[in-house]
J.: 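Take a look at the following structure, please.
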Amino acid sequence: MSSLLTNSTAMTALQTLRSVSSQLATTQTRISTGQRVSTASDNAAYWSIATSMRADNAALSAVSDSLGLSAATVDTEYTALTSVVGDSNGGLTKLQSLLVEAKTAGIDRTKIQADVTQIQQQMQSTAAAATFNGVNWLSTTTATPATVDLVSSYSRVGSTPTTGSITLTVANYSLFTSSTSGILDKVSGGASVNTIDISTLTDSAADQTTLDGYIAQVTSAINSVASAAANLGAVKNRISTNTDFVKSLMDSVTRGIGQLVDADMNQESTRLSALQVQQQLGVQALSIANGSSQSILSLFR
């Protein structure tokens, strides 16, 4: 039956064209965004997982930044400590050699004290200058915290996030403190390393014993400062290892997100070509179906 009001062929062609147009719009969106899951309506489960993983990656990026700041801080303190340990030209090592030299009978200890004083002032200046971003562990005040937590990792199991940290005890590295309990300002045997004065000492047995005490005190300080520097060196290595791991982990998470939501561009380009052809054919089919109604006019001629 030929019907003027109901054209089944045109309805079928129009339905097919709508379906093709919808698929074509989806494919064009995937090509333009590079993602097959760009909104929750595309795939709610994958979109939710990808969103959570992106949040984790942002947290890992913050950890990476924090590790960079921590590395710079630790490196500043480590550099200052190694400078305080010194060598034959300065620092505690030079101070020790000067005190040994001062045991020589008849030597002018006043001149040696001039060098000792310069070394003491230099060590105090080095400790005060060991500041990065307002942080100083070598020359501390009452406002300096007893412990410092350096953020080192982030993980999430289910909905429970966990942040890891490296905890450092500031007292292990303090050379000078407001309470004079640091490695170099702690009084022992009537003087601290920073207040040793040999200018008035003589060749007497008592003064020689005093010098021996000063030498032992400086030797102990060298061991303490070297131990603190070695500890910070180990922390530096740990921070470096964690930094590399966090960056690798971020790359791994990014790849995982890509597996979930990224579009296969080879597949999408093939689908685009096919859908464009189907769209053109659908338009032609609809045109043919609409033209069939014109044949009804011939019945009334």
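Each residue takes its place number in the sequence, starting with 1.
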J.: Can you confirm whether more than 12 heavy atoms, excluding those of Y154, are under 6.0 Å from its OH atom?
T.: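 Yes - once you tally the heavy atoms of other residues, nucleotides and ligands closer than 6.0 Å, there are more than 12.
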
J.: Is it possible for you to say whether L17 and L281 belong to one hydrophobic cluster, with membership spreading through side-chain heavy-atom contacts below 4.5 Å?
T.: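 Hydrophobic grouping puts L17 apart from L281.
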
J.: Taking it one step at a time, do L138 and Y173 satisfy side chain to side chain contact (heavy atoms under 4.5 Å, CB included)?
T.: CA-CA 6 Å; L138 306 190; Y173 315 106; 4.0 Å; yes

J.: Between OG of S19 and CG of L14, what distance do you get to the nearest 0.5 Å?
T.: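 So the OG of S19 and the CG of L14 are separated by 11.5 Å.
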
J.: What closest approach, in Å, do T177 and G182 show between heavy atoms, and which atom pair accounts for it?
T.: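 In terms of heavy atoms, the two residues are closest at OG1-N, 3.5 Å.
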
J.: Please round to the nearest 0.5 Å and tell me the distance separating atom CE of M250 and atom OG of S61.
T.: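 Output value for this atom pair is 4.5 Å.
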
J.: What are the two closest heavy atoms between I166 and S152, and how far apart are they?
T.: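 Smallest interatomic distance, heavy atoms only, reads CG1-CB, 3.9 Å.
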
J.: Do R36 and D264 meet the salt-bridge criterion of a basic N to acidic O distance under 4.0 Å?
T.: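 Not counted as a salt bridge, because no side-chain N and carboxylate O are separated by less than 4.0 Å.
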
J.: Check R109 with D207, please: is the shortest side-chain N to carboxylate O separation under 4.0 Å?
T.: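 No.
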
J.: For residues Q208 and K103, determine if any side-chain heavy atom of one lies less than 4.5 Å from a side-chain heavy atom of the other.
T.: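 SC-SC contact between Q208 and K103 confirmed.
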
J.: Would you say T167 and D149 are linked by a side-chain donor-acceptor pair, where the criterion is simply a distance under 3.5 Å?
T.: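 Present: a donor and an acceptor within the cut-off.
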
J.: Using modelled atom types only, decide if a donor and an acceptor are shared between the side chain of N133 and the backbone of V135 within a distance under 3.5 Å.
T.: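 Side chain of N133 to backbone of V135: no pair is present.
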
J.: State yes or no: do Y214 and V187 share one hydrophobic cluster built from I, L, V, M, F, W and Y residues joined by side-chain heavy-atom distances below 4.5 Å, directly or via other members?
T.: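 Unlinked, Y214 and V187 end up in two clusters.
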
J.: Who are the side chain to side chain contact (heavy atoms under 4.5 Å, CB included) partners of D115, not counting sequence neighbours?
T.: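 For D115, the residues satisfying side chain to side chain contact (heavy atoms under 4.5 Å, CB included) (neighbours in sequence not counted) are L98.
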
J.: Examine distances only and state if a side-chain atom of S174 and a backbone atom of W137 form a donor-acceptor pair shorter than 3.5 Å.
T.: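 Flag set: sc S174 to bb W137 pair under 3.5 Å.
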
J.: Near R18 CZ, under 6.0 Å, is it more than 12 heavy atoms from other residues, nucleotides or ligands?
T.: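 Not buried by this count: 12 neighbours or fewer within 6.0 Å.
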
J.: Please report the interatomic distance CG(N194) to OG1(T180), rounded to the nearest 0.5 Å.
T.: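 OG1 of T180 is found 11.0 Å from CG of N194.
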
J.: For L69, does its backbone N or O pair with a side-chain atom of T73 as donor and acceptor, under 3.5 Å?
T.: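 Yes; judged by distance alone, with no hydrogens or angles, the pair exists.
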
J.: Could you tell me the separation between the CG atom of L175 and the CD atom of E77, rounded to the nearest 0.5 Å?
T.: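 The CD atom of E77 is 9.5 Å from CG of L175, to the nearest 0.5 Å.
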
J.: Below 4.0 angstrom, N of the basic side chain to O of the carboxylate: do K247 and D244 qualify?
T.: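 A salt bridge is absent here (no side-chain N lies under 4.0 Å from a carboxylate O).
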
J.: Is it the case that more than 12 heavy atoms not belonging to F132 sit under 6.0 Å from its CZ atom?
T.: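 Counting other residues, nucleotides and ligands, CZ of F132 exceeds 12 neighbours.
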
J.: Measure the CD-CD distance between Q121 and Q118 for me, rounded to the nearest 0.5 Å.
T.: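 Separation between the atoms: 5.0 Å.
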
J.: T126 and A80: which non-hydrogen atoms are nearest, and at how many Å?
T.: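 Closest approach of T126 to A80: CG2-O, 3.8 Å.
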
J.: Verify the neighbour count for atom CD of Q276: are there more than 12 heavy atoms of other residues, nucleotides or ligands below 6.0 Å?
T.: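 Yes.
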
J.: Among the clusters formed by ILVMFWY side chains lying less than 4.5 Å apart, do L95 and L211 turn up in the same one?
T.: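 Hydrophobic grouping puts L95 with L211.
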
J.: Does some side-chain heavy atom of T29 sit less than 4.5 Å from a side-chain heavy atom of D42?
T.: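 No, side chains not in contact.
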
J.: Between Q280 and V20, is a side chain to side chain contact (heavy atoms under 4.5 Å, CB included) present by the stated rule, with each step listed?
T.: CA-CA 10 Å; Q280 293 172 9; V20 171; over 6 Å; no

